[in-house]
Amino acid sequence: MEPTASRAPEKFLKPYDPKTVEPAIYKKWEESGYFNPDVCIAKNVTSPDAEPFTIIMPPPNANGSLHAGHALFVTLQDIMTRYQRMRGKKTLWLPGADHAGFETQSVYEKKLEKEGRSRFDMQPADLYREIYDFTMASKSFMEGQLRQLGASCDWSRQMFTLDERVVDVVYKTFKKLSDDGLLYRGSRIINWCPKHQTSLSNLETNRISRVDNFYYFQYGPFVIGTARPETKFGDKYVVMHPDDTRYAQYTEGQQIPLEWINGPITATVIKDEAIDMTFGTGVMTITPWHDQADFDIAKRHDLPFEQVIDWRGKLLPIASEFSGMNIKDARAKIVEKLKEKGLLVKVDEAYAHEVPVCYKCEREIEPQVRPQWFITMQPLAQNATEAIKDKRVNILTEQHEKIALHWLENIQDWNISRQVVWGIPIPAKLCEACQDGFVDIDDTQHTCPTCGGAVTKDPDTFDTWFSSGQWPFATLGYPDSTDFKTFYPTTVMETGADILFFWVTRMLMLGLYRTSDVPFKYVYLHGMVRDAKGKKMSKSKGNVISPIDVSDQYGTDALRMGLTVGNVPGADMNLDPKKIEAYKKFANKLWNITRFILENNTSTPDQPTALPIPDEALRHEFDALTADVTREMEQFHFYLAAEKLYHYIWDRFASEILEESKLIFKHDASTDSGQATSERAARQETLLYILRNSLKLLHPFMPFITEEIWSSLPNAGLLMVEHWPA
RNA sequence: GCACCCUUAGCUCAGUUGGUAGAGCAACUCAUUUACACUGAGAAGGUCGCAGGUUCGAGUCCUGCAGGGUGCACCA
């Protein structure tokens, strides 16, 4: 027997090359059908009465390519899916794609801008068609990228947020909310983006700090302060705190004639406790159409409303000579006029405050009053709060549980209508005479039930999160399908901590509302993927790391390990290409471990009587590792499980056990004693035992190389459906 | 203003219910036809933000403070 005679396949003589291996492996998996739990049952891989394990994939926005955050969720969810499948659970990972309403329309509008076009010059139907084609192309492109990242999701069950099944569920939820008195159409202050020409939810606005002028004007006997003189044309009510002794002489309802921007007016005194006596002069005039606080005061005192600024951010005829001017240009001119009239008292030039901006274009939000659909959230939020407190839903990161509860306790009504074409149309009719609307999901009502007048179809679409919020039960075919009965409530919701409010809490609320059950039992939130130095990735900074490029360069397995090890749930992580490179080396290490073991696997066909003596100590040590790794997996500590495997395989298995084994294999067969031969055979068995089981434990993390090595060992079948060592 | 998180080796971060601090990367010194240079060996590096408290014992629990970050909501 020649100890150096290689029994390792030719491929092991070269370094591991992920680029040629990975696509072929994915094809094998996909063709096997094992991503589908029904196939696993049919092929006897999973028992028909096995416990289900379900993850609904957060559907990526079908408007671009995958970013590092996508790679992270694919990695984490695929780790769980592959682990549970190997544990014998009836495992479903349901993929999807999101039309992502306003998000996608914004992306497309930018594209139009580059081409010198504008959506406002287009027929809505044409715009819809173009965005539809764009989205479908992006969608299929992204599906290819998800495959490259190794996602073992069941493509046969893939859903799109505009699929009929989803829209049907969304419409019924809308109807039910209406029937239950939780939906109303209200004229309230909304966040209006003058660029995008749509309302936005509070979550879709950001605040930026700014320093502006703060003006003090003489308003009859009062001095009022404002940062927005351009809104002041229609102000006829002057408000102060009822307890403010400085203004005790003025009484509620008192009429005061005074000179204002465009001539004499009569102001009315209002007393309201919302006034902060310490701010400015303690007196303000109100502009109910363009300010939430003013709106609330006006509602309390039943005061009239008047629009001053139009939907494009230009002044209306109420501004007389300033009419038609952009508010930004008008401000200085208005101040100038007030100054000429001797009404400007002083200017504070260092007024630091925060202004709300559109989270997409950063343009200043113009509060406007516009009739919109709102959901009364308190009752829904209360049920969600109880589910969290009762641990029917386990938010695995304690800090996010606190944040979620805090948000739910302070919830505000949700504006779910958007003035964008790209979305699910709101199934409602509007009556011009009544200035109201009503729900009509079957499109059967053609006159107003209140006044009998003519009605038109509501031109608005739903906030994309209203439909996304119903994703877990809508995708599973609520209420009657077998899938819904089998896989709902889902097991884990794994998604980004940044969409805790946008999505997770809303899924919880709407899931409880529609199905009377939680949509998921565990919530695993990951943080943001930052660059190597911890900076947020952005195109303008040029520090964006494309997971697809990283996968091309180092292999998907290395990328996945780099995204897993050291990534604590809920915390942001830094993605350093050097770290990925380290795991590429690890993949090669594993490759060479295999080569060594196969080269020395010349196990004694000429001595059939020599029984292998298992190396009990090594096996026990490995079994202890298995138990440890399994425990970490059960606790969602993937970062520890992966790290422990890495260290065992490199520092213990390769550096010590394999090195020590060289002494055993060195014996020349011609002079071997029987004992040496059986010792060698025993060691060979042990090494194979450790290798095979290491591959199993490592498979969820590094699925490609483990499957590839597995195929070179004397095994039948695919590693992805082997049983997890227990 | 309300809430949440963080502060541990040069850098990035782990550290499960309290039991005398760990990893990766970087840097340093060696080794060189080895399963693998996508390698190996070795050494170095920390009063765990500060101050109290609980405890036989605190990186870990409690209180306060300082610094950094995040979210939410107002401000005429």
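In what follows, chains carry the letters A, B, and so on, assigned in the order in which the sequence lines appear, proteins first and then strands, with residues in each chain numbered from 1.
Going from the C1' atom of B:rA23 to that of B:rA14 covers 7 Å, rounded to whole Å. Atom name P, nucleotides B:rU60 and B:rU7: the rounded distance is 11 Å, in whole Å. For the C1' atom pair drawn from B:rC2 and B:rU16, the interatomic distance equals 31 Å after rounding to whole Å. If you take atom P in B:rU33 and the same atom in B:rC48, they sit 46 Å apart, rounded to whole Å. Here the separation of B:rC25 from B:rG64, taken at their P atoms, is 41 Å to the nearest Å. A gap of 12 Å separates the C1' atoms of B:rA27 and B:rA43, to the nearest Å. B:rA51 and B:rA66: their C1' atoms are spaced 10 Å apart (whole Å). Separation of the P atoms belonging to B:rC72 and B:rU63 is 26 Å when rounded to the nearest angstrom.
Proximity note for A:N574 (side chain, C-beta onward) versus B:rU39, B:rG71, B:rC13: the nearest is B:rC13. Distance from the side chain of A:T226 is smallest for B:rA76 among the nucleotides B:rU16, B:rC74, B:rA76. Taking every side-chain heavy atom of A:E599 into account, B:rA35 is the closest of B:rA76, B:rA35, B:rC5.
The shortest distance between side-chain heavy atoms of A:V283 and A:V239 does not fall below 4.5 Å.
Residue contacts shown for A:N202 are limited to sugar-phosphate atoms, with no base heavy atom under 4.0 Å away. Within the 4.0 angstrom heavy-atom criterion, no nucleotide atom of any strand lies near A:Q292.
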